[in-house]
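Remarks on the structure that follows.
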Amino acid sequence: MAKEKIGSQWKTLDKDLNRISQVEYAAQYVARPLVGMGVALAFIVVAALGAAVFFGQNPTSLIVVTAAAFGAYMALNIGANDVANNMGPAVGANALTMTGAIIIAVIFESAGALLAGGDVVSTISKGIIDPSGFAQPRTFIWAMMAALISSALWVNLATWIGAPVSTTHSVVGGVMGAGIAAAGFAAVNWPTMGTIAASWIISPVLGGAIAALFLAFIKHQIIYQDDKIAAAKRWVPVLIAIMAGAFGAYLALKGLKRIIKIDLGTALLIGAAVAAIFYVVSAPLIARQAQGLENRTKSLKTLFGLPLIFSAALLSFAHGANDVANAVGPLAAIVHVESFGDFAAKVSIPTWVMVIGAFGISFGLVLFGPKLIRMVGSQITKLNPMRAYCVALSAAITVIIASWLGLPVSSTHIAVGGVFGVGFYREFHMERRLRRTSAARPQVKRIAPEERRRRKLVRRSHFMTIVAAWVITVPAAALMSAVIFYLLNTIVA
C-alpha cells in the first residue's frame with residue numbers, strides 16, 4: 001500500500017510539473033514578441049539620445065531628436081520588410097539557414113550603407129516636390145517629419161500583414177502627400193510621379209521575365225540534358241560569371257559614386273572584366289565540386305548553393321549602399337535645415353544619420369525579419385537553389401537595364417517579381433507538358449479542371465495581397481502623410 005501511495009504521489013507531481021511547463025512555454029511564446037519590441041524601443045531611444053548629443057548646443061535640437069527617433073523607427077521597418085527580398089530566396093532554397101541569412105544580411109547591409117552609401121541624396125525623393133514652394137523652412141521640416149512618420153507606419157503595417165513593399169515608394173508617397181498638404185498640388189513634379197507609377201509595372205514584370213528566361217535556360221541546357229553533370233560543368237561557371245559581372249557593373253555604377261563618378265559604359269567594362277575573372281576562377285572549382293556527383297537533378301543543387309549565398313550577400317551590400325540613403329533622406333533634410341537655416345534639393349547625409357540607418361536595418365532584420373523572409377522564400381512558390389539563383393540574377397541584371405534605360409525601379413518589386421516569374425514559368429511549363437502528354441497518349445486519364453487549379457505552383461492569395469499592397473503604397477503613404485502634416489502644423493501652431 002505504501003508503494004502504491006508513493007507511486008500515485010509521483011504521478012500527481014509529474015502532472016503538476018507538466019502543467020507548469022506548459023504555462024512556462026505559453027508565457028515564453030507570448031513574451032517573445034514583447035522582447036523584440038522592447039529592444040526596438042531601446043534602439044529608438046538610443047538614436048534619439050545620440051542626436052541630442054550631436055545637437056545639444058542647438059536650441060531647436062528637440063526637432064532633430066524627434067526626427068532621429070522616427071528615422072530609427074523607419075530603419076527598423078526597412079530591416080523587417082525590405083531585406084527579406086534579398087535573403088528570402090536563399091533561405092527558401094535551403095542554401096542558407098535563417099540564422100546564417102540574418103548574419104550575412106546584417107554584415108553586408110551595414111557595410112553597404114557605411115562604406116558605399118551615397119553621400120548626397122535628394123531630400124525630396126528624386127525631385128518629387130520643389131522645396132522653393134514652401135513658404136518657410138519650418139513648414140518644410142514638418143513636411144519631412146510627416147513623410148518620415150507616414151512611410152515608417154505604412155512599412156510597419158505592410159510587414160504586419162505579410163506584404164513586401166518598396167520603402168522608397170513609401171517615402172515617395174509620404175513626401176508627395178506632405179508636399180501637397182503644405183504647398184498645394186502645384187508643388188508636385190507630376191511627370192516624375194508618372195515615371196514612378198510606371199515602375200510599379202516595369203519592375204516586377206521585367207524582374208519576372210528575366211528570372212523566367214534564366215530558369216528556362218537552365219532547364220533546357222542543364223536539367224534536361226542526358227549528361228547533367230557535364231552540362232553543369234560547362235554552364236554553371238558562365239552563370240556565375242554573368243552574376244559577378246552584373247554585380248560588378250552595378251556596384252561600380254552605384255556603390256562607388258562616393259569615391260569616383262563612373263558612367264554606364266565604364267561600369268559595363270568593369271563588369272565584363274569581373275565576369276572574365278570569375279569565369280576563370282569558378283570553372284575549375286565547379287569541375288572539382290562536380291566530381292563523383294550522380295547524374296540527376298538533385299545533384300545539381302549542390303553546384304548552385306555557394307554562388308547563391310554570394311549573390312544574397314552582394315544583393316544585401318547593394319541594397320545597403322543605395323536604399324538606406326533614400327530611407328534617411330527626410331531625416332537628413334531636417335538636420336540640414338536645423339543646421340543651416342534653409343532647405344535645399346540635395347544635402348549631404350551626416351555619418352551619424354547613416355549609422356542610424358545601418359544599425360536600424362540590422363536590428364529590424366534580427367528582431368522582425370524572419371516573417372517576411374519565410375514568406376518571400378517559401379510561401380509564394382517553392383524554390384530550390386537553381387530557381388533562387390535565377391531570382392538573384394534577375395535582380396542584378398534588371399537594375400543594370402533600368403539604369404541604362406533611365407527607368408525608376410524598385411529592388412523590392414524586382415526581387416519579388418522574380419519569385420513570381422519563376423513560379424509562373426513553372427506553371428506554364430507544367431501545363432505545356434500536360435498538353436503534350438495528353439496529345440501523345442489520349443488514353444491517359446485527364447486531370448479535372450478543379451484539381452489543376454488546386455495544383456497551381458504560385459499561391460494566388462499571396463499574389464493578390466502583394467500586388468494590392470504595391471498599388472496602394474504611394475496613395476496610402478501620401479494620405480497618411482497629409483493627415484500627419486496637418487496634425488503637426490495644428491499642434492505646433
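Numbering starts at 1 and runs along the sequence shown.
The ring pair (Phe, Tyr, Trp, His ring centres under 6.0 Å) analysis of residues 370-394, with sequence neighbours excluded, yields the pairs Phe304-Tyr389.
Applying the side-chain contact (heavy atoms from CB on, under 4.5 Å) criterion to Ala275, with sequence neighbours excluded, gives Ala241. Leu49 meets the side-chain contact (heavy atoms from CB on, under 4.5 Å) test with Val45; sequence neighbours excluded. Applying the side chain to side chain donor-acceptor pair (under 3.5 Å) rule to Ser311 yields no partners; only residues at least two apart in sequence or on another chain are considered. With sequence neighbours excluded, the residues forming a side-chain contact (heavy atoms from CB on, under 4.5 Å) with Thr139 are Phe134, Gln136, Ala182, Phe485, listed by chain and number.
Between Phe463 and Phe420, the gap from one ring centroid to the other is short of 6.0 Å.
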Show every donor-acceptor pair shorter than 3.5 Å between a side-chain atom in residues 471-479 and any protein atom, with sequence neighbours excluded, or say none if there are none.
from   : atom 1 : to     : atom 2 : distance (Å)
Thr473 : OG1    : Trp154 : NE1    : 3.1
Thr473 : OG1    : Ala469 : O      : 2.6

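Put simply, the side chain of Thr398 never gets that close to the backbone of Ile414: no donor and acceptor are under 3.5 Å apart. Distance alone, capped at 3.5 Å, places no donor-acceptor pair between the Ser151 side chain and the Ser170 backbone.
Atom CD1 of Ile161 has more than 12 heavy atoms from other residues, nucleotides or ligands within 6.0 Å.
Using a 4.5 Å cut-off on side-chain heavy atoms (C-beta onward), Ile218 and Trp235 make no contact. The closest side-chain heavy-atom distance from Trp190 to Phe185 is below 4.5 Å.
Screening Thr159, Asn77, Thr167 for a side chain to side chain donor-acceptor pair (under 3.5 Å) with Asp82, the sole residue that qualifies is Thr167. Checked options Pro164, Ser203, Pro204, Ser166; the residue passing with Val416 is Pro164 (criterion: side chain to side chain contact (heavy atoms under 4.5 Å, CB included)).
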